[in-house]
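Step one of this worksheet: look at the structure below.
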Amino acid sequence: MRQYREAREKHPDGILLFRLGDFYEIFFDDAKLAAPIMGVQLTSRPLGKTGRAPMCGVPHHAWQAYVGKLLRAGHKVVICDQVEAKSKSKIVRRDVTRVLTPGTVVEEAYLDPARPNYLVAAWTRGLESGLAACEVSTGELLLCQLPKDRLQSELERLAPAELLAPPTIEEYRFDPARGQQRLKDMLGISYAASVGAADAPLAVGAAGVVLDYLRQNQTRIAPGSLTVRTYSPDSTMPLDAATVRNLELPAIVTLVDRTSTPIGARQLRSWLSAPLREAESIELRLAAVDEIVASPRLQDRLREVLKPVGDLERLVARAAAGHSSARELVALRRSLDALPAVQDALGACEALITRQLAGQVSAAPELSEVLARALVEDPPISGRDGVIRAGFDAALDAILDASKGAREWIARLEGAERRRTGIKSLKVGFNRVFGYYIEVSHSNTTKLPDDYARKQTLTGGERYITPELKEKEAVVLSAQERVAAREQEILHDLGEMVAASSPSLRATAQAVGMVDALLSFALAATEHRWRRPVVNAGLGLRIEGGRHPLVEHALPAGVFVANDLELDPGGPQIVILTGPNMAGKSTYLRQAAIIVLLAQCGSFVPAERAVIGLADRIFTRVGAHDDISAGMSTFMVEMTETA
C-alpha cells in the first residue's frame, strides 16, 4: 500500500490500475468510479485496522479492453506495473509505466482508424485566440491563431478527444515565451518563424501547454518526433455545427469515402470538413481527380498498390514511441515493402499535385531489410518470446543454444543415471515448485553416488539433485526470462531505428493519404456520375442539372429530378422559393450548399455543369426547430443561428 500511495501522489488526477499478480486492482474512490464504467463488480478487501477498502479488478491480459471504456468516458488512466521478477523473500517493486489519456493514446485498440484523435490546447487573449492540435498517434502538431469568434467552429471541426483550456489549465501556462522555450527544449525548434508561427504567439503559447502535458503523461517527445506546421484559418471555410448537421456532412463523407487506407480516410474527412478558399489550390486537386477519373486503368492500379500500405502513419508513430508489438513492426515492414509499387504507379501521373506527392514518397529499403531480418513472419499474438529470427542477434542465439543444450542434456540424464547407478526404476522429473529432480525409491537409496544431494522426501522414495543437474536447471529456468528480456531490448532497438527515420516516413504517409483521398474523389465521381466543376474567384453561382447526392442515392436510379440554379450580382441574386410541405424546398437549398462545399474541397459535383464563385461561408438554417426549454421559439432559434 506504500507503493500504491506513492504512485497515487504522482498522478492524483487519474484512475490508478495497480498490478497485483495476475490482476490490475483499483482501490478506494477510483474503484467506485471505475467499476460501473468497466462493467465489473465493486467489492472490498481488508485493509489493516482501517476496515475494508472498496476495490475492483480486471485480468492483466485483458486490461486494454477495460481501459478503453475508461478512456472513452473521458478519464485519465495510470498503469502501475511490477517492474522486477517475482520474489519469495521481498515485496516486488512497482512503478508507473504508462499514463493514458483520451488525447495521448496511440494503441490501435483505442483509436478509430478513420478519424484523427486530437489533443488540443486553446485560449483567448483580447480579440485573438490561439490553438495547438496534436495528433500523437500520427506525430503531427498543428498551430493556428485566429479571431476569437472563429475558435468555436474550429474546435468543432477538430473534434478534440481532449481539450486543455482555461480555467482547467492556468492561463499563465499559455504564456508565448514559455511556449517558445518548450518548442526549443523538447523539439529543437529555436525560432517560431521556422514553422510559420512568427505571427502566431498565442498558438505558440498553446503549443507549450500541449508539450508540457505530453511530458507529464510520459509521452516520448524528442526533436523530430512531431511534424510541426502552422495553418491559417483564412485558407479554409469554417463550417459551424448547424451547417454540419443540416448538410448531413458525416453522411456525405460516407458517400464519398472510397479510400484504401486509414490514412486516406482521415485525410478525406479532413478535406471535407475544411473546404478551400483559394481557387488555384482547388484547381490543382480537381486536375488530379480529373486525370484519375479519365483512366479506369489508373484507378485500378492505384487501388491495388495503396491497400497494402495500411496505416503507415500510426504504425510509425507507435514504433517511434516504443509501444509497438512485434506484429505491428511486421505490419510496418509490409507497409514499407508496398511503397516502391506506389512510387511506380504515381510515376505514370501527369497532374502537378500528384507528381509533387510522388516526390514525397520514400520507401526506406534499409529499415525494411533490417525488420525483415529481425522478425519472424508471423509473430505470436500474445507474449513476446519467439518473435526474433534465429541468426539475427548473437546474444539471443547464445541464450537459446544454451537452453536447448541443457534441455537435451536433461533429456538424456535418466538413461545415463540408470546406467551409472544400476537403478532401473530411477526417474528424472520436474514440477513447478521444486524444479528438476532425480527420484529413487527407498529400497535403492543405499546405492546412490556421493554427488546426490537430497531435495525432497516422499512416501515411497527420495528426490535428489546433483551439482550438474542444478547447473543445467538454472540455465533452463532462467532462459525464458532472459530470452524475453533480450527480445524486448531488440524490439526497443528496432523502435529506435524507426524513430530515426520517422520524419521522412511521416511525410511519406501523409503523401500516400493525400493520393488515396484524391483517388476516393475520383472513384466517387465515377460511381455517382459527378462532373468537374469550374471554380473561380468571382461572385456568380451557376448550376445546371444539380442533384442532392444523399437523396439521389436513397432513390432508385433516374428518379431524382435535377434542378438548375443561377445567382449573380449582375442579375438575380435572391431566390424566393415557395411550395407546399415535402415539395423539396429544403432539398433544393441543401443541394446548392453541398455542391459548393464539394467543389471547394476539390471534388467533382452532382451536376451536369457547375460554375462556382468562391464562397467564404455556408449558412444552412433549414427546417423548423424550436428550443422551448430555453425559452426560444422557432423564429428566435432561426434568428440566433443566423446572427
Side-chain angles (χ1 to χ4, degrees), residues 74 101-104 115-136 140-180 182-183 192 195-214 226 228-247 249-250 269-278 597 600-601 615-621 630 637 640-643:
T101 73
T104 62
R115 292 177 180 272
N117 193 70
Y118 284 118
L119 166 69
V120 174
W123 69 306
T124 297
R125 187 171 68 185
L127 298 177
E128 291 285 301
S129 295
L131 68 82
C134 187
E135 229 291 26
V136 182
E140 185 176 47
L141 178 60
L142 306 176
L143 310 182
C144 179
Q145 185 155 323
L146 67 174
K148 71 174 185 178
D149 59 356
R150 285 196 57 178
L151 177 61
Q152 187 57 39
S153 64
E154 187 62 12
L155 290 177
E156 288 168 356
R157 184 183 75 83
L158 293 169
E162 198 170 355
L163 177 62
L164 311 174
T168 307
I169 305 294
E170 299 95 333
E171 191 159 317
Y172 80 87
R173 296 183 182 275
F174 286 86
D175 178 59
R178 181 188 178 101
Q180 179 58 64
R182 296 296 181 274
L183 286 171
V195 291
D199 298 321
L202 302 190
V204 171
V209 171
V210 165
L211 293 174
D212 264 344
Y213 190 76
L214 293 175
L226 294 175
V228 185
R229 64 182 177 88
T230 303
Y231 69 95
S232 167
D234 295 329
S235 64
T236 61
M237 179 197 301
L239 300 175
D240 57 57
T243 299
V244 170
R245 181 178 64 250
N246 283 308
L247 294 186
L249 192 55
R269 189 177 297 273
S270 173
W271 281 356
L272 289 172
S273 67
L276 297 171
R277 290 175 55 186
E278 202 269 314
L597 185 150
Q600 293 192 208
C601 291
D616 63 347
R617 288 297 297 267
I618 292 175
F619 298 98
T620 59
R621 181 65 197 99
V637 169
T640 302
E641 290 191 1
T642 300

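- Between the CG atom in L164 and the CZ atom in F174 there is a gap of 6.5 Å [rounded to 0.5 Å].
- Listed by chain and residue number, nothing satisfies the salt bridge (Lys or Arg N to Asp or Glu O under 4.0 Å) test with R277 (two or more places apart in sequence, or in another chain).
- A donor-acceptor distance shorter than 3.5 angstrom exists from the side chain of E135 to the backbone of N117, with no hydrogens or angles considered.
- Applying the salt bridge (Lys or Arg N to Asp or Glu O under 4.0 Å) criterion to R125, with sequence neighbours excluded, gives no partner residue.
- For R115, the CZ atom is loosely surrounded, since the number of other residues' heavy atoms within 6.0 Å does not exceed 12.
- Enclosure of atom CG in D199 is not indicated, since only 12 or fewer non-hydrogen atoms of other residues, nucleotides or ligands lie within 6.0 angstrom.
- In this structure a side-chain-to-backbone donor-acceptor pair under 3.5 Å is missing from E128 to Q145.
- For W123 against L202, the heavy-atom pair with the smallest separation is NE1-O, 2.8 Å.
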For residues 155-163, dump all side-chain donor-acceptor pairs below 3.5 Å to protein atoms at least two apart in sequence or in another chain.
unit_1	atom_1	unit_2	atom_2	d
E156	OE1	A241	N	3.1
R157	NE	E154	OE1	3.4
R157	NE	E154	OE2	3.2
R157	NH2	E154	OE2	2.7
E162	OE1	T101	OG1	2.7
E162	OE1	G103	N	2.7
E162	OE2	Y213	OH	2.2

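- Distance check: D234 CG to E278 CD gives 12.5 Å after rounding to the nearest 0.5 Å.
- Between the CZ atom in R617 and the OG atom in S153 there is a gap of 6.0 Å [rounded to 0.5 Å].
- For G130 against A206, the heavy-atom pair with the smallest separation is O-CB, 4.1 Å.
- Taken to the nearest 0.5 Å, the SG atom of C134 stands 5.0 Å off from the CG atom of L226.
- Residues C144 and P233 are in side-chain contact: their nearest non-hydrogen atoms beyond the backbone lie under 4.5 Å apart.
- Nearest heavy-atom pair across V195 and T230 is O-OG1, 2.8 Å.
- Contact between A274 and T236 at its shortest, heavy atoms only, is O-CG2, 3.7 Å.
- Note: R245 CZ to L239 CG = 13.0 Å, rounded to the nearest 0.5 Å.
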Item to complete: Verify side-chain contact (heavy atoms from CB on, under 4.5 Å) between D240 and T243, making sure each step is shown before the conclusion.
Response: CA-CA 5 Å; D240 57 57; T243 299; 3.0 Å; yes

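- Of the inter-residue distances, the one linking Q180 atom CD with D175 atom CG reads 11.0 Å to the nearest 0.5 angstrom.
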Practice prompt. Starting from the C-alpha separation in whole Å, work towards a yes-or-no answer on side-chain contact (heavy atoms from CB on, under 4.5 Å) for L143 and R229.
Written response: CA-CA 6 Å; L143 310 182; R229 64 182 177 88; over 6 Å; no

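- When all heavy atoms are compared, the tightest approach of V136 to T104 is CG1-O, 3.9 Å.
- Closest approach of K148 and G126 over heavy atoms only: CD-O, 3.5 Å.
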